[in-house]
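Note sheet for the following structure.
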Amino acid sequence: VQLQASGGGLVQPGGSLRLSCVASAAIFSFNAMSWYRQTPGKQRELVAVMYAGGITNYADSVKGRFTISRDNAKNTLYLQMSSLIPEDTAVYYCRGYGGYEVWGQGTLVTVSS
């Protein structure tokens with residue numbers, strides 16, 4: 001199974017962006033799908049996770065601003081990001097876990113005026 005992340009780009013503070021992660025196989029086969037982000041010199045951090053039953057969890061830093069969702073018919077995971085701040089600048093990765101782990105290639109989000 002492969003994951004392909006896209007949707008990153010340059011956005012002004014306060015703006016919105018939606019990331020997509022398309023899987024080459026049915027995403028309902030994963031126990032959990034998540035978004036991580038990483039900035040230079042820092043460890044990759046969990047941003048949001050969605051479990052197979054639909055339960056979601058978010059990092060405190062993005063609660064109320066980011067929403068994780070999925071479309072099983074399109075085998076796609078999304079991350080809707082709103083009220084973006086410069087601290088959200090990072091490379092964002094999607095991850096699927098279902099007894100094994102698979103990562104997407106990352107998409108760069110830059111929040112700057």
Side-chain angles (χ1 to χ4, degrees):
V1 179
Q2 293 181 330
L3 301 179
Q4 180 77 30
S6 63
L10 174 64
V11 61
Q12 291 187 341
S16 299
L17 211 56
R18 188 178 78 161
L19 305 183
S20 300
C21 176
V22 180
S24 60
I27 61 172
F28 60 74
S29 66
F30 290 113
N31 294 331
M33 293 199 74
S34 51
W35 289 97
Y36 285 74
R37 65 186 181 187
Q38 188 171 25
T39 55
K42 293 188 177 180
Q43 286 191 332
R44 197 170 292 188
E45 64 169 349
L46 177 64
V47 174
V49 58
M50 173 174 275
Y51 297 98
I55 294 173
T56 58
N57 277 312
Y58 297 89
D60 288 343
S61 59
V62 306
K63 279 182 182 176
R65 301 189 298 119
F66 290 12
T67 302
I68 188 172
S69 63
R70 68 186 181 205
D71 186 332
N72 289 344
K74 295 182 179 180
N75 290 329
T76 303
L77 179 75
Y78 300 101
L79 185 68
Q80 178 67 49
M81 305 185 293
S82 303
S83 302
L84 285 161
I85 59 178
E87 290 73 19
D88 295 320
T89 295
V91 177
Y92 285 72
Y93 299 88
C94 54
R95 173 186 180 266
Y97 179 77
Y100 60 93
E101 181 180 68
V102 60
W103 289 87
Q105 85 288 3
T107 185
L108 176 62
V109 173
T110 303
V111 184
S112 175
S113 56

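The basis for the numbers below is simple: all heavy atoms, side chains too, and nothing from hydrogens, waters or symmetry mates. Positions are given from 1 along the sequence.
Inter-residue side-chain proximity for P13 and V111 is flagged as met; some heavy-atom pair is nearer than 4.5 Å. Residues L19 and V109 are in side-chain contact: their nearest non-hydrogen atoms beyond the backbone lie under 4.5 Å apart. In this structure, the side chains of M81 and Y92 come closer than 4.5 Å at one or more pairs of heavy atoms. A 4.5 Å side-chain heavy-atom check between M33 and R95 finds every atom pair outside the cut-off. In this structure, the side chains of N57 and Y51 come closer than 4.5 Å at one or more pairs of heavy atoms. Counting heavy atoms from C-beta on, the side chains of Y78 and I68 never come closer than 4.5 Å. Residues K74 and V22 form no side-chain contact, since every pair of their non-hydrogen atoms from C-beta on lies 4.5 Å or further apart.
Residue E101 places its CD atom among more than 12 non-hydrogen atoms of other residues, nucleotides or ligands, all under 6.0 Å distant.
Residue L10 holds its CG atom at 9.5 Å from OG of S113, rounded to the nearest 0.5 Å. Once rounded to the nearest 0.5 Å, the distance linking CD of Q80 with OG of S16 reads 6.0 Å. In this structure, CG on D88 lies 11.0 Å from OG1 on T39, to the nearest 0.5 angstrom. Distance OG1/T89 to CG/L108: 8.0 Å, rounded to 0.5 Å. Taking CE from M50 and CD1 from I55, the interatomic distance works out to 10.0 Å, rounded to the nearest 0.5 Å. Taking CD of E45 as the reference point, atom OH of Y36 lies at 10.5 Å (rounded to 0.5 Å).
What you find for V1 and A25 is that their closest heavy atoms are CG2-CB, 3.7 Å. When all heavy atoms are compared, the tightest approach of T76 to S20 is CG2-CB, 4.2 Å. Residues V49 and A32 come closest through the heavy atom pair CG2-CB, 4.1 Å. For the residue pair L79 and A48, the shortest heavy atom distance occurs at CD1-CB, 4.2 Å. The two residues L3 and V102 come nearest to each other via the heavy atoms CD1-O, 3.5 Å. Closest approach of S61 and R37 over heavy atoms only: OG-NH2, 3.3 Å.
By the side chain to side chain contact (heavy atoms under 4.5 Å, CB included) test, N31 pairs with Y97, sequence neighbours left out. Residues that satisfy the side chain to side chain contact (heavy atoms under 4.5 Å, CB included) test with A5, not counting sequence neighbours, are W35, C94, Q105, T107.
In terms of hydrophobic clustering, with Ile, Leu, Val, Met, Phe, Trp and Tyr side chains grouped at heavy-atom distances under 4.5 Å, F66 and V11 are assigned to a common cluster.
Under the 6.0 Å distance and 45° angle rule, R44 counts as a cation-pi partner of Y93.
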